[in-house]
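Read through the structure below, which is laid out as structure tokens, and then see the notes.
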Number of protein chains: 2
Amino acid sequence: MRNAEFDREKVLRCAMTAFMDKGYGKTSMQDLKAATGLHPGSIYCAFENKRGLLLAALEQYRLDRSIEFAAFFADERPALMQLKAYIDDLVQQCLSCDSSQACLLTKALNEMAEQDAEVQQIIANNLAAWQQALTQVFERAKSQGELTSGRDCEHLARYLAMGIYGLRTFAHTHPNAETLQALADQLYHDICA
Amino acid sequence: MRNAEFDREKVLRCAMTAFMDKGYGKTSMQDLKAATGLHPGSIYCAFENKRGLLLAALEQYRLDRSIEFAAFFADERPALMQLKAYIDDLVQQCLSCDSSQACLLTKALNEMAEQDAEVQQIIANNLAAWQQALTQVFERAKSQGELTSGRDCEHLARYLAMGIYGLRTFAHTHPNAETLQALADQLYHDICA
DNA sequence: GAATATCTTGAACGAACATTCAAAATACAA
DNA sequence: TTGTATTTTGAATGTTCGTTCAAGATATTC
């Protein structure tokens, strides 16, 4: 007998950032070995292959982001105020220079769309769950009188998701704090006013 | 003496679609040979290497899209009506299943950002030129009284660009005509109303 | 029509890749 | 401590990649 070896969560988060830095295709097993500290054999033993490591990393990413999201909307402030803080934090993420500026889901979606149907489905499901969580935020805002009752919360959530996708892409070419904040402010205004 | 046999523009457009289908990294020289009909030696003779072919394809893409853009805004209709037609056409592009649903610039930007500074700069310049063209559309709209004089045309162009980036990413997961059109309609409304 | 300059062809190359596997290391049970 | 089951290790494997280059093909020139 022999006990379990490495810290699975830590390994997955290292793999995550490696994939976000270089993309899935350009991240070699050597890169993953360097990033995770695991030798190829161990990776294959634990995750079957490189693609399996990506799938596990995507799942860990979903978990981490889910917890992070919940934390933003856990307090008792008005829903739209929480949303404003969430959006402003995204702007700050976009401004950072490390790999956290990327979103593993959209990065992998852009890279593997039309190439790996299963991965695409997993990513689409994760993004759909995120949009549903945004929908619930809007519904809470509506029930608290922050939004007029006529608004379509699902549509609002889709529009916000679209804006955030666009903001991230925009940030790749114009990592300018004022410009990004102005775009985020108008996005918030167009949705909530 | 002897002239080159192939049609450079046609070759570059074939390379374009190959890159848009698979991404730059996953498009092999064999794929490019199949797509363009050129043997490896000819490609290297004409474009130096695979990266040179990408650079040439990016330039051709810029040219093609520039002409396409001008055609949308060439007639005598009000600028905002032309813009509406332009956005609606983008929605139709997003709904198509072939590689034209992608934008070579954003696809390459997502794949190579932080990896190839020169390519990133070229793409950023192209996207900046596109935004400037959008700015001029808004300025024309303003001078024709379609927009109130207080609006910041550069900001409007950036916001529209952000929305279009987001719409394209969104389309990867929800290729649904009504949903995409509703998002595009609100984007147009938020900008022009 | 011969000479020549250029392009086309595709086999060959080393490098880098994901993956495998047998040997070495190690922790637990006895 | 000894035996054993499991993990860790990293060199070896076969494949695929971008790239090269010398031989063959062909248009142009004289």
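Every chain is numbered from 1, with letters handed out A, B, ... down the list of sequences.
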For the pair made of [atom1] in [X] and [atom2] in [N], what is the distance, rounded to whole Å?
X         : N       : atom1 : atom2 : value
Leu38(B)  : dG10(C) : CG    : C1'   : 13 Å
Arg8(A)   : dT7(D)  : CZ    : P     : 13 Å
Asn49(A)  : dT20(C) : CG    : C1'   : 12 Å
Asp116(B) : dG18(D) : CG    : P     : 15 Å
Phe6(A)   : dT7(D)  : CZ    : P     : 10 Å
Ile43(B)  : dT9(C)  : CD1   : P     : 11 Å
Leu53(A)  : dA18(C) : CG    : P     : 11 Å

Revision key, fill the gap. Residues in residues 26-34 of chain B with a heavy atom under 4.0 Å of DNA chain D, by number, are Thr27(B), Ser28(B), Met29(B), Gln30(B)
Exercise for review: Cation-pi check, Lys26(A) to Tyr24(B): give yes when NZ or CZ is under 6.0 Å from the six-membered ring centre and within 45° of the ring axis, no otherwise.
Suggested key: no
Review point. Ion pair present between Glu111(A) and Lys107(A), side-chain N to carboxylate O less than 4.0 angstrom?
Key: no
Exercise for review: In plain terms, say whether Glu9(A) and Arg13(A) are close enough for a salt bridge, that is, a side-chain N and a carboxylate O under 4.0 Å apart.
Suggested key: yes
Review point. Can you tell me if the side-chain N/O atoms of Tyr44(A) get under 4.0 Å from OP1 or OP2 in dT20(C)?
Key: no
Review point. Quick one: is His39(B) getting a side-chain N or O under 4.0 Å of the dT8(C) phosphate, OP1 or OP2?
Key: no
Review point. Can Leu83(B) and Leu160(B) be said to form a side-chain contact (heavy atoms from CB on, under 4.5 Å), step by step?
Key: CA-CA 10 Å; Leu83(B) 184 66; Leu160(B) 176 57; 3.7 Å; yes
Review point. Side chains of Gln181(B) and Asp88(B): donor-acceptor distance under 3.5 Å anywhere?
Key: yes
Review point. According to the interplanar angle, ranging from 0 to 90°, do the rings of Tyr86(B) and Phe69(B) count as parallel (below 30°), tilted (30 to 60°) or perpendicular (above 60°)?
Key: perpendicular
